[in-house]
Amino acid sequence: MKFMKLGSNPDTFQDDGNEVSIAASELVSDITVRIGTTKFYLHKFPLLSKCARFQKLIPTTGDENIEIHIHDIPGGAKAFEICAKFCYGMIVTLNAYNVIAARCAAEYLEMNETVDKGNLIYKIDIFLSSSIFRSWKDSIIVLGTTKAHLPWAEDLKLVSHCIDSVASKASIDVSKVEWSYTYNRKKLPTENGHDSPWNGVKQQQFVPKDWWVEDLTDLDIDAYKQVITAIKTKGMVPKDVIGEAIKAYTYKKLPSLSKVSMIHGDAKVRAMLVTITCLLPSEKGSVSCSFLLKLLKATNLLKCGEMCRKELMKRIARQLEEASVSDLLIPTVDGDTTVYDIDLILSIVEEFVRQDSKNAQRHNGGEVNDHVSAPSASMITVAKIVDGYLAEVAKDPNIPVYKFFSLAETVSANSRPVHDGLYRAIDMYLKEHPGLGKSDKKRLCALMDCKKLSPDACAHAVQNERLPLRIVVQVLYHEQTRASAAATIRADSIGIGSYESSRSGATTNTEDEWDGVMAVEDLSLSKTTKLDKCHTASTIVEKNHGGNKGANGRVKGGATSKKALGKIMSSKGQTGERSSSDSSDSAILPSQEHPKRTPARSTTKSAAA
């Protein structure tokens, strides 16, 4: 730490609690200066020789002892003592902790060059410019002390000088950083654009790009805001580094933000959260989506205002594909019966869809095509995240079906290459809401595309008693179609005769009528021995490589599927799960699924009947 000593006379001030007097003096005190509860017994002449204000306060005539009350001197009694000792020529030590108070007090007492050459104001300004503002840590310390001396420190431009000093050093090229700094953040050399040593020779110590981040966390929020704003204005620091600095500062000041929930706070905390939100760089990716969601959770619980909330939601929507399901589980505020705020997430997803649509139009040159374009990679990722979120909130018995449905349909069907995640969410909702009406069940299950279920999901669905019969029939139909087509392809590849090829072609659908075997998502599906009755022809063909075994296996698979279909429909009819009209309607597949009548489809309909 830099310091400066002024004066040469020994310090003879004695402090006995509330009174300060000069002990070693042959002259009797002729002036008493009272600042708060502290009294200084001094002499007129030293004060008059340095302070223009005392020249105005002390009468020029009369030798009587006078008392002066000073109530508004910046820095209080401590700062005045420094000025008084300077007037007596005593040794005074100035450093980063007391220099601002002394400078403001000297300005108050008008200790300038018009009164005496080389006065205190002049000497302090030299010390600030030549030492304090050239030191990284001293500049931060001094900036932290300015708040106690407002508005004097601001009027004297001490605050602006401190901010410019700190911001300039933070913006300097890292190769020119030669001063000490605090850095406990462990990073790999590659994170800072440097390669690790490969030949065993110790390389030069590199300065990380975010070397300045930790030292600034000691500032209060007002000073921090001014420094970050100045750094942004200079435009030399990457936005992601600024975002990392804001994140580090937030966790330092609000450590509870990193925990599951943050329910305690006052007006000061709310103001800090609003300021932090405003400081965030506008560029996408400057801070992580996880951090933004934590901020949103805190601002939502502490009710920091609609403007702050909307700003965070907009930022989150821009990089929603980075989010995790756990980050999206934001608790509801008081007064709501649901556990999680699904309306908040719905608004974020809707904003994401709008932004993704705009990006797609911009990519196409502003043209809007009539055909359905392929979803973006981020849209596919968000769809998977939404399905995972739905599976979690479905466990809440108080989530209304319309909210679940609204969030599920916000993401288009073509954004889900595989519908396993959506199926899992719907199944979880049906499990936790056994009293759900038939119409709501149908509407909910209509969100799924049975052709986009993986074989494992299909195997689970055909045994799922919570699903409407119509959905089970559709799953069986598409699974049988897929299995037959797969068997045909396998048979052709191993050289089945033309008779078998033509026969399989007459009993299966064309490739255009199904989407092929989709990739399996991370879906935990139970399997039982009952699935043996629903094994498809493709499984049997794989076990029987060659000639008539493949053909026989395919016939067995078709018969088994028909048998399973008839058993499921008869069992559901016996339990009275559906009315007669509902059951008959469920057994009929959608019209678009029947472009032509084939033996396989006739068999399916016969089984349903």
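Worth knowing before you read on, the calculation uses all heavy atoms, side chains too, and leaves out hydrogens, waters and symmetry mates. The first residue of the sequence shown is numbered 1, and numbering continues consecutively from there.
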Tyr181: partners by ring-ring contact (aromatic ring centres under 6.0 Å, His included), with sequence neighbours left out: Trp211
By ring-ring contact (aromatic ring centres under 6.0 Å, His included) - contacts of Phe405 (at least two apart): none
Residue pairs passing the salt bridge (Lys or Arg N to Asp or Glu O under 4.0 Å) test where at least one lies in residues 157-179, sequence neighbours excluded: Asp164-Lys234
Non-hydrogen side-chain atoms of Met448 and Ile471 separated by less than 4.5 Å: yes
Residues which pass ring-ring contact (aromatic ring centres under 6.0 Å, His included) with His433, listed by chain and number, not counting sequence neighbours: Tyr429
With Tyr340 via ring-ring contact (aromatic ring centres under 6.0 Å, His included) - residues at least two apart: none
Donor-acceptor pair between Ser454 and Asp456 side chains, under 3.5 angstrom: no
Test side chain to side chain donor-acceptor pair (under 3.5 Å) applied to Ser439 - qualifying residues, sequence neighbours left out: none
Spacing of Leu293 atom CG and Ile330 atom CD1 [to the nearest 0.5 Å]: 5.5 Å
Salt bridge (Lys or Arg N to Asp or Glu O under 4.0 Å) partners for Glu432, two or more places apart: none
Trace of the side chain to side chain donor-acceptor pair (under 3.5 Å) decision for Tyr183 with Asp210: CA-CA 9 Å; Tyr183 196 83; Asp210 57 347; 2.9 Å; yes
Can you list, pair by pair, the side-chain donor-acceptor contacts under 3.5 Å of residues 137-145, counting residues two or more places apart and other chains?
residue : atom : partner : partner atom : Å
Lys137  : NZ   : Thr182  : OG1          : 3.3
Asp138  : OD2  : Lys2    : N            : 2.9
Asp138  : OD2  : Ser135  : OG           : 3.4
Ser139  : OG   : Ile132  : O            : 3.1
Ser139  : OG   : Ser135  : O            : 2.6
Ser139  : OG   : Ser165  : OG           : 2.9
Thr145  : OG1  : Val142  : O            : 2.7

Under 3.5 Å, sequence neighbours excluded: what are the donor-acceptor pairs made by side chains of residues 319-327?
residue : atom : partner : partner atom : Å
Gln319  : OE1  : Gly285  : N            : 3.2
Gln319  : NE2  : Val287  : O            : 2.8
Gln319  : NE2  : Glu322  : OE1          : 3.1
Glu321  : OE2  : Lys284  : NZ           : 3.3
Ser324  : OG   : Ser326  : OG           : 3.2
Ser324  : OG   : Asp327  : N            : 3.4
Ser324  : OG   : Asp327  : OD2          : 2.8
Asp327  : OD1  : Ser290  : OG           : 3.4
Asp327  : OD2  : Ser290  : OG           : 3.3

Distance-only polar pair, side chains of Thr338 and Asp396, donor-acceptor under 3.5 Å: no
Contacts of type side chain to side chain donor-acceptor pair (under 3.5 Å), residue Asn398, not counting sequence neighbours: none
Any residue meeting side chain to side chain donor-acceptor pair (under 3.5 Å) with Arg318, in chain and number order, not counting sequence neighbours: none
Those residues that, when tested against Arg134, pass side chain to side chain donor-acceptor pair (under 3.5 Å) (two or more places apart): none
